[in-house]
Amino acid sequence: MTPRELIDTAPVPGGEPLRLFRRGGDYMIVLDRNELMNSRMSGSEEALATMTIDRLTGRAAPHLLVGGYGMGFTLRAALAALGPQARVTVAELVPQIVDWARGPMAALTAGCLDDPRVAVTFADVAEVIAATPRTYDAILLDVDNGPDGLVRAANDRLYAARGLAAARAALTPGGVLAIWSAAKDAAFARRLREGGFAVDEVTVRARSNGKGAMHTIWFAVPR
């Protein structure tokens, strides 16, 4: 087996560092012993974008907020599905994630960060949401490992009642809050409903070929 090669390490505010590995043509972002992202597994992150956009019918120029960038699977899928008048704001807490996208993973990135529809802000997506009421037609969250986080304790506030209320306030009327998770979470789904959302819970495969682990996406629309 080809050994993993450590490419770089990135500090995470309030959390353990992330490490970027390469094995052959594949890349992995790892926290401690946990592999958070792998360039071979993009299916559920792409579904986060395409299934959200499918729910934005009748909006010629939607504005999406994506938090965070990861390996860019969600962003690239969104750009492929959106029209020329759309806008996508990417909130990324760790600047080196974007450095990796423009550097060692540039071929994978395929220029998506230079798309004129894209604006990148280096900030905690929770702070971006709180500062921008009635702004986004959709908020797509692929932060940490989902509601049961691993990377940093502060991420939990996104999924708490107050964080969900802030996301609800940041949406335009009829907007969609879409949340990716590595696993089901009945307590979180209940919290969404108690927070005033109508919720559609969808299970998707990790890989774009329909194989791999099962991941969960919640699509929540304010009632």
Side-chain angles (χ1 to χ4, degrees), residues 1-50 66-80 90-115 118 120-125 140-156 158-159 178-185 203-217:
M1 178 182 290
T2 304
R4 289 196 313 186
E5 173 191 4
L6 177 63
I7 303 298
D8 197 12
T9 301
V12 176
E16 295 296 316
L18 299 176
R19 292 176 292 160
L20 176 66
F21 288 92
R22 178 171 55 208
R23 176 183 286 133
D26 298 327
Y27 291 90
M28 295 129 272
I29 295 178
V30 175
L31 173 76
D32 193 16
R33 296 172 182 265
N34 297 294
E35 185 175 281
L36 299 179
M37 286 164 265
N38 188 305
S39 61
R40 291 180 290 106
M41 289 187 280
S42 62
S44 59
E45 288 88 350
E46 291 165 350
L48 176 64
T50 57
V66 175
Y69 176 79
M71 288 188 172
F73 298 126
T74 298
L75 176 60
R76 290 194 294 282
L79 293 174
V90 178
E92 176 52 59
L93 180 69
V94 181
Q96 276 177 267
I97 293 286
V98 174
D99 292 341
W100 294 346
R102 294 189 182 279
M105 291 191 288
L108 179 66
T109 303
C112 68
L113 291 167
D114 299 316
D115 189 296
V118 175
V120 178
T121 181
F122 293 107
D124 187 328
V125 69
L140 290 70
L141 296 180
D142 182 1
V143 176
D144 213 317
N145 217 36
D148 186 16
L150 293 171
V151 177
R152 60 197 287 265
N155 288 336
D156 292 346
L158 270 172
Y159 306 111
I179 298 172
W180 180 97
S181 177
K184 289 181 174 293
D185 189 325
T203 301
V204 295
R205 290 283 185 180
R207 295 178 183 264
S208 56
N209 63 2
K211 298 181 180 180
M214 303 299 291
H215 294 160
T216 298
I217 304 174

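Atom set for the values below is all heavy atoms of this structure, side chains included, hydrogens, waters and symmetry mates excluded. These numbers come from a predicted model, not from an experiment.
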With heavy-atom distances below 4.5 Å as the criterion, would you say the side chains of C112 and V118 are in contact?
no
Exactly one of L113, V120, D142 clears side chain to side chain contact (heavy atoms under 4.5 Å, CB included) with Y69, and that residue is L113
Let me see the working for E35 and M41 under side chain to side chain contact (heavy atoms under 4.5 Å, CB included), right down to the final yes or no.
CA-CA 11 Å; E35 185 175 281; M41 289 187 280; 4.0 Å; yes
For the CG atom of L20 and the CG atom of D99, what is their distance to the nearest 0.5 Å?
11.0 Å
Mind listing the closest non-hydrogen atom pair of T50 and A77 along with its distance?
CG2-CB, 4.2 Å
How far apart are the closest heavy atoms of Q96 and P11, and which atoms are they?
OE1-CD, 3.0 Å
Answer yes when R102 and D114 have at least one side-chain N-carboxylate O distance shorter than 4.0 Å, and no when they do not.
yes
With side chain to side chain contact (heavy atoms under 4.5 Å, CB included) as the criterion, how do D32 and E16 come out once you've worked through the C-alpha distance, each side chain's angles and the decisive distance to 0.1 Å?
CA-CA 8 Å; D32 193 16; E16 295 296 316; 5.8 Å; no
Taking all non-hydrogen atoms of both residues, which atom of S39 and which atom of D26 are closest, and how far apart?
OG-CA, 3.4 Å
Minimum heavy-atom separation for A49 to L140, with atom names?
CA-CD2, 3.7 Å
Check whether any side-chain heavy atom of M214 sits under 4.5 Å from a side-chain heavy atom of R205, and report yes or no.
yes
Over all atoms of both residues, closest heavy-atom pair of A110 and R76:
CB-CD, 4.4 Å
Nearest 0.5 Å please: distance from the OH atom of Y27 over to the CD1 atom of I7.
6.5 Å
Sub-4.5 Å side-chain heavy-atom contact between E46 and S208
yes
What do the steps show when you test V204 against W180 for side chain to side chain contact (heavy atoms under 4.5 Å, CB included), and what is the final call?
CA-CA 10 Å; V204 295; W180 180 97; 5.7 Å; no
Distance check, rounded to the nearest 0.5 Å: L36 atom CG versus M28 atom CE?
12.5 Å
Calculate, to the nearest 0.5 Å, the distance between atoms CD1 and CG belonging to I217 and L48 respectively.
5.0 Å
With rounding to the nearest 0.5 Å, note down the distance linking CG in L18 to CD1 in I29.
7.0 Å
Walk me through whether F122 and V98 qualify under side chain to side chain contact (heavy atoms under 4.5 Å, CB included).
CA-CA 9 Å; F122 293 107; V98 174; 3.6 Å; yes
Is a donor on one side and an acceptor on the other found under 3.5 Å between the side chain of R23 and the backbone of T2?
yes
Output the distance between atom CD (E45) and atom CZ (F73), rounded to the nearest 0.5 Å.
6.5 Å
What are the two closest heavy atoms between P13 and V94, and how far apart are they?
CD-CG2, 4.5 Å
